[in-house]
Each structure stands twice: as C-alpha cells, then as structure tokens.
Amino acid sequence: MNGDTAAQTPTGTDHTAQGGVGVPVLADQPSPAVPGPRTPGAEGPAARPAWLHRLARYGYTAPPAAAPAERLAPPMPDGPRVTPARVAPSPLLLRLGIPVPQGLWSWLCRWAGWLGPLAVALFAGALRFSGLGQPHAIIFDETYYAKDAYALWHGGYEISWPEGANEQIMAGGAVPYRPEASYVVHPPVGKWIIGAGEQLFGMNPFGWRFAVALLGTLSVLMVARIARRLFRNTLLGCVAGLLLAVDGLHFVLSRSALLDLVVMFWILAAFGFLLLDRDHTRARLAARLDGVADAAAAQRLNLGWRPYRIAAGVCVGLTCATKWSGLYVAAAFGLMTVLWDAGARRLAGAGRPYLGTLVRDAVPAFVSIVVVSAVVYVTSWWGWFASSNLPGRGGYGRDWAVGRSTDYPWIPEGLRALWHYHSTVYDFHTHLSDPHTYQSNPWSWLVLGRPVSFFYESPKQGQAGCTASECAREVLGIGTPLLWWAGVVALAYCLWRWAARRDWRAGAVLCGLAAGYLPWFAYQQRTIFLFYAVAFVPFVVLAVTMLVGALIGPAGASRDRRIIGSSAAGLLVLLIVWNFLFFHPLYTGQTIPMEDWRRRMWFDSWI
C-alpha cells in the first residue's frame with residue numbers, strides 16, 4: 001500500500017505487446033531507495049539488498065536499476081504521447097492473412113487504451129440493459145428505494161406510502177403520493193440517482209433500474225481504465241473490465257434499484273481519482289528531480305494543487321451520502337494516499353520521507369478527503385433542509401430542534417435536528433438483528449456461502465413460458481462462482497506480493513477490499529446480506545487480473561513459459577465467462593424447468 005514500489009517498465013516498453021504484468025523476472029521489484037542524493041547508475045553491488053547477492057550465486061543477473069524519475073513516473077503502455085505515429089504491422093495478423101491498412105493499424109494501436117475498455121463497456125451495457133424491465137415486478141428492497149426516490153424528486157424528502165401502493169404502481173395508474181414524512185435510515189444520494197431514471201422513463205421497473213444499470217456499465221469502463229493504469233497494460237485492463245462485466249453479483253445489482261451498486265460506483269471512482277493523483281503528483285516530482293535523486297528537494301518539496309485528490313474526496317462524500325459504510329472508505333483511502341506520498345518522497349531520495357509527508361502532505365490530504373467529503377455529505381441533505389420545519393409539514397425530524405433549548409445555540413437548528421436524526425439512525429443500524437431467511441455472515445461472503453433471492457416464482461406448465469410440468473423463475477443475488485473462488489486465491493497472492501515483495505499495486509487492491517469488507521466483521525450480530533459485498537467486487541476483479549498477469553508471466557520469460565502461462569490465463573477467463581452464462585437464467589429471472597434450476601443449486605445453502 002505504500003508508494004515505495006512503482007510499476008516499473010523500461011522506457012518505451014509497450015506492455016500491451018508483452019501481455020504480462022511486469023517485465024523481466026523481478027524487474028517489477030523496487031530498486032533499493034537510498035537515504036541521500038544519488039545519480040543514475042550510482043548503485044553498485046554494495047547498494048543491492050542481500051537477497052540479490054544470494055541469487056547472484058546461482059547465476060541471476062539483476063536488471064539495471066531505472067533512474068528515480070522513471071521509477072516515479074513509469075510510462076503508460078500506449079496512447080497519443082507514447083505510441084509512435086507509425087506502428088509495425090502485427091505478426092499475428094500477417095500470419096492469419098488479415099490485411100490492415102498501415103494508417104488504421106497505427107491509429108488503433110494509439111487509441112487502444114480507450115477503444116478496448118469502451119468495447120468491453122459496450123458489451124457490459126448490452127448485457128445489463130437487455131430486458132432491464134424484467135421481471136416486471138418490485139423485487140426485494142426496490143419496495144423501499146424506488147418509492148423513496150420518487151418522493152425525493154417530488155417533495156425533497158421521503159414519505160409514508162399508503163397500503164397497496166405497490167399494487168397501484170405496478171398497475172400503471174396514478175402514483176399514490178402523499179406528503180406525510182417517513183423515517184428512513186439511509187442518506188439520499190443513491191435514491192436521487194434512482195429517481196433520475198424514474199423522471200426519464202416513468203415510475204416502472206425499467207425507469208427505477210435505468211440509472212443503476214448505467215452506473216453498472218460505467219463502472220466496467222472505469223475498472224478497465226483503472227486496471228490499465230495500475231498494471232501499465234491495456235490487455236489486462238480489458239481483462240479486468242470483462243471479468244467485472246460477467247460477475248453475477250455486479251450484474252444482478254446493476255439491474256436492481258438498490259443502493260449498494262451506487263456505493264460500489266463511488267468507491268471505485270474515488271479509487272480511480274486517487275490513482276490519477278498518484279501518477280500526476282509523481283510525474284511533477286520526477287520533473288523537479290530532472291533525473292537525479294535530491295534529498296533536500298524531496299524532503300521539502302510542496303506537491304502542489306491536487307484536483308484529482310479533491311475529486312476523490314467528493315466521491316467519498318457521495319459514497320457516505322449513499323450509505324454510511326463510506327466512512328470506512330474515507331479512512332482507508334486517506335491513509336493510502338498519505339502512504340503513497342511518503343513512498344514518492346522516499347523514492348525521490350528524501351532521508352526522512354514520513355516526516356516530510358506528515359509536515360507537508362497529511363493536512364492537505366485530510367482536507368481533501370475528510371473535510372471535502374463531510375461538506376458533500378451535509379450538502380446532499382439539501383432537500384430535507386429545504387423542507388418546512390413546521391410540525392408535520394417537512395422531512396422526518398426536521399422540526400426537532402425548533403424551540404428546543406441547547407448548550408450550543410450557535411449551531412443552526414437544522415444541523416442540530418440532522419444530528420439528532422443521525423443519532424437515532426446509528427442506533428437503528430447497530431441494533432438491527434431481526435432474523436432474515438437470506439442473511440449471511442461476512443466470513444462466508446468470499447466463497448458465496450449464502451446468496452440472496454431477490455425474486456422467485458414457480459410457474460406451472462403453460463404459465464410465464466413454462467414448457468415443463470414445473471418451472472422456476474428466480475433472480476438470485478450471487479457472484480459468478482468461479483470468479484469469486486479464483487478471487488480467494490488471487491487475494492492470497494496479492495497479500496504475498498504486498499507483504500513479501502512490497503508491491504504497491506497489490507497493497508492498493510487490498511486496501512480497496514479492506515475498506516469495503518473488513519468493517520462488516522464488527523457487525524456480525526447485525527442482519528447483513530451477501531449483496532453488500534458488491535462494494536468490493538471491483539477489487540476482487542483487480543486481484544484476479546493481477547493473478548492472470550502472473551500466469552502469463554514476465555516479458556523476459558521463455559517462449560514455452562509464456563505459451564503455457566497464456567493458455568492457463570486464457571482458460572481461466574473462458575471458464576469464468578462460461579460460468580456466468582451457465583447462471584445467466586438465474587440472474588435475469590428467466591423461466592427454466594425446475595430440473596435445470598436444481599442443477600444450478602450447487603449447495604444446499606443456495607436454496
């Protein structure tokens with residue numbers, strides 16, 4: 001998680017052509033960071049760690065150490081400023097006899113970093129928007145969020161709906177809206193987003209699922225671009241996008257008007273902005289070094305205006321304003337970006353990098369992440385603030401502070417009322433323990449121990465397209481099993497890479513996973529569900545992608561090693577895609593014979 005290790009590449013190397021995560025064996029490891037100024041090539045045998053000396057006894061020759069500036073800002077694999085104007089034809093296409101005009105081929109190579117991820121995102125969008133209005137029903141918690149979203153757009157606060165409201169809505173008649181406030185326990189941003197689709201397409205299943213499906217599609221594009229930047233490899237970026245596109249839990253949540261996919265989107269966006277901030281900040285630092293490590297400059301340098309980190313703070317605030325679980329993201333990502341800054345200063349030659357970071361970077365990071373997110377969070381309640389503070393006329397609890405004595409009269413009554421509201425919500429969340437058929441313990445999430453049935457019907461022959469004596473129709477909230485089980489192995493690999501090899505990429509993936517996953521272990525007595533895990537699905541995907549790159553192997557490996565590794569990696573990806581297609585009827589509520597449904601219930605706990 002610290003910034004000591006950059007994803008090193010030799011200058012000008014195109015990782016897309018290499019196909020692996022790293023470059024020749026052990027070249028993705030950090031060259032030892034020295035505590036004082038040095039010049040390129042100044043590292044001699046004495047500067048190398050002991051383990052390299054031991055390997056040298058067996059014939060290992062370490063690759064030449066890159067200059068500090070290159071290690072701070074390794075090149076991207078392709079793009080207008082990286083890919084040459086004229087690219088040699090592909091040997092594979094030539095062997096296959098597929099002619100591609102030179103100009104077109106060069107243009108495709110130059111823009112592959114966008115064209116590949118966009119193609120994967122279009123594929124994901126086609127999957128998610130196809131039959132989005134089916135099942136034509138209010139499934140699972142849509143009964144809360146679809147209606148709350150409608151109320152926010154029409155009155156600024158959530159309301160209490162009359163009996164039979166669901167039936168009236170599904171019948172397509174007038175929506176039974178009334179202005180009586182209702183007590184809700186989640187902030188409003190996710191519901192505002194769901195309501196945007198209702199405003200465009202009406203109060204119907206397609207309308208309330210549209211915006212979430214759009215965010216699900218965009219998140220596939222984001223994870224592809226993030227993986228490309230993280231691993232400096234366009235091919236692996238596209239693999240990451242494809243894996244997220246075919247994850248069952250992400251797919252189901254992308255087609256349901258629940259808040260958790262929205263939470264995932266803002267977490268991923270915050271992570272992406274921090275990654276951009278890391279690259280741009282290090283590039284500025286590298287430019288100041290001018291190819292030479294400078295301890296004094298690295299210690300004292302102000303890293304300057306950082307708009308990407310402020311954008312990350314906005315996204316963290318939007319996460320918190322969707323669900324409170326975003327609070328843990330603020331803490332984890334704030335720590336991660338500070339450690340990255342310390343790693344950058346150390347790599348640049350600072351003798352006391354953590355002191356320099358504490359003095360110059362910690363406060364700006366706190367303001368960018370914590371303060372900015374707090375402002376965004378409070379602002380997200382504008383509809384509630386704008387409602388009347390007369391008893392029974394505004395949002396729930398809006399009138400609580402009116403005429404009430406306080407020791408803090410300088411705090412506006414609206415903020416005091418909001419604080420009281422939040423204290424009751426916190427009490428609700430920490431004491432929610434009503435048993436539920438589909439609740440699960442977080443220990444079982446990574447192995448998909450207990451999925452959630454969002455919708456289920458048992459049509460008979462002749463009903464809902466049933467052609468057998470008995471059929472099943474279900475929307476099952478469960479990840480693609482082979483992807484998640486491979487993810488367990490991949491996370492163990494990332495843990496080893498981070499702990500034993502100081503690989504910052506593995507640390508970043510683990511940080512994102514920890515922010516979305518580990519906090520739930522503190523609430524095991526609470527009623528919680530597997531679909532909360534969608535918040536960290538992108539980081540499971542990034543871990544599997546890193547494992548795929550390791551299977552392919554480093555660019556300097558033998559031809560046989562690369563062929564075997566690439567075949568194994570390709571087989572893993574194809575098996576995951578097949579597994580998604582096998583479970584696709586259960587993700588989309590298709591009517592299938594009961595026997596086919598039973599074949600997909602691999603464990604009793606899935607029923």
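Worth knowing before you read on, the calculation uses all heavy atoms, side chains too, and leaves out hydrogens, waters and symmetry mates.
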Verify the distance criterion only: is there a donor paired with an acceptor across the side chains of [X] and [Y] at less than 3.5 Å?
X      : Y      : value
Asp341 : Thr281 : no
Tyr328 : Trp520 : no
Thr480 : His250 : no
Trp153 : Glu198 : no

So which of [options] actually passes side chain to side chain contact (heavy atoms under 4.5 Å, CB included) with [X]?
X      : options                : value
Val540 : Leu513, Asp247, Thr545 : Leu513
Pro442 : Tyr532, Tyr523, Phe521 : Phe521
Pro117 : Leu221, Leu242, Val223 : Leu221

Crowded around [X] [atom1]? As in, over 12 foreign heavy atoms under 6.0 Å?
X      : atom1 : result
Tyr426 : OH    : no
Gln524 : CD    : yes
Arg393 : CZ    : no
Tyr144 : OH    : no

Tell me if a side-chain donor or acceptor on [X] pairs with a main-chain N or O of [Y] at a distance below 3.5 Å.
X      : Y      : value
Lys147 : Glu142 : no
Arg309 : Phe273 : no
Trp400 : Trp419 : no
Ser373 : Val370 : yes

Nearest 0.5 Å, please: how far is [atom2] in [Y] from [atom1] in [X]?
X      : Y      : atom1 : atom2 : answer
Ser256 : Arg209 : OG    : CZ    : 6.5 Å
Tyr421 : Leu415 : OH    : CG    : 15.5 Å
Glu167 : Ile138 : CD    : CD1   : 7.5 Å
Gln439 : Leu530 : CD    : CG    : 13.0 Å
Leu448 : Ile478 : CG    : CD1   : 5.0 Å
Glu413 : Asp399 : CD    : CG    : 9.0 Å

Taking the inter-plane angle between the rings of [X] and [Y] on a 0 to 90° scale, is it parallel (under 30°), tilted (30 to 60°) or perpendicular (over 60°)?
X      : Y      : answer
Phe201 : Phe206 : perpendicular
Tyr438 : His436 : tilted
Tyr177 : His154 : tilted

Of all heavy-atom pairs between [X] and [Y], which one has the smallest distance, and what is that distance?
X      : Y      : value
Ile267 : Ala535 : CD1-CB, 4.1 Å
Phe129 : Leu214 : CZ-N, 3.6 Å
Gly248 : Tyr587 : CA-CZ, 3.4 Å
Val372 : Ser368 : CB-O, 3.2 Å
Leu542 : Ala227 : CD2-CB, 3.6 Å
Val488 : Val447 : CG2-CG1, 4.5 Å

- Message: Does Val338 form a side-chain contact (heavy atoms from CB on, under 4.5 Å) with Asp361? I'd like the steps, not just the answer.
- Response: CA-CA 7 Å; Val338 169; Asp361 303 326; 5.7 Å; no

Can you confirm whether or not the ring centre of [X] sits under 6.0 Å from the ring centre of [Y]?
X      : Y      : value
His422 : Trp324 : yes
Phe539 : Tyr517 : no
Tyr396 : Tyr157 : no
Phe385 : Trp382 : no

- Geometric cation-pi criterion, Arg398 with Trp384: 6.0 Å, 45°: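 Arg398 over Trp384 ring: yes.
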
- Task: Please step through side-chain contact (heavy atoms from CB on, under 4.5 Å) for the pair Ile169 and Trp208, ending with a clear verdict.
- Result: CA-CA 12 Å; Ile169 291 171; Trp208 60 63; 3.9 Å; yes

- Item | Option passing side-chain hydrogen bond (donor to acceptor under 3.5 Å, both in side chains) with Gln590 (candidates His584, Arg473, Gln134) | His584

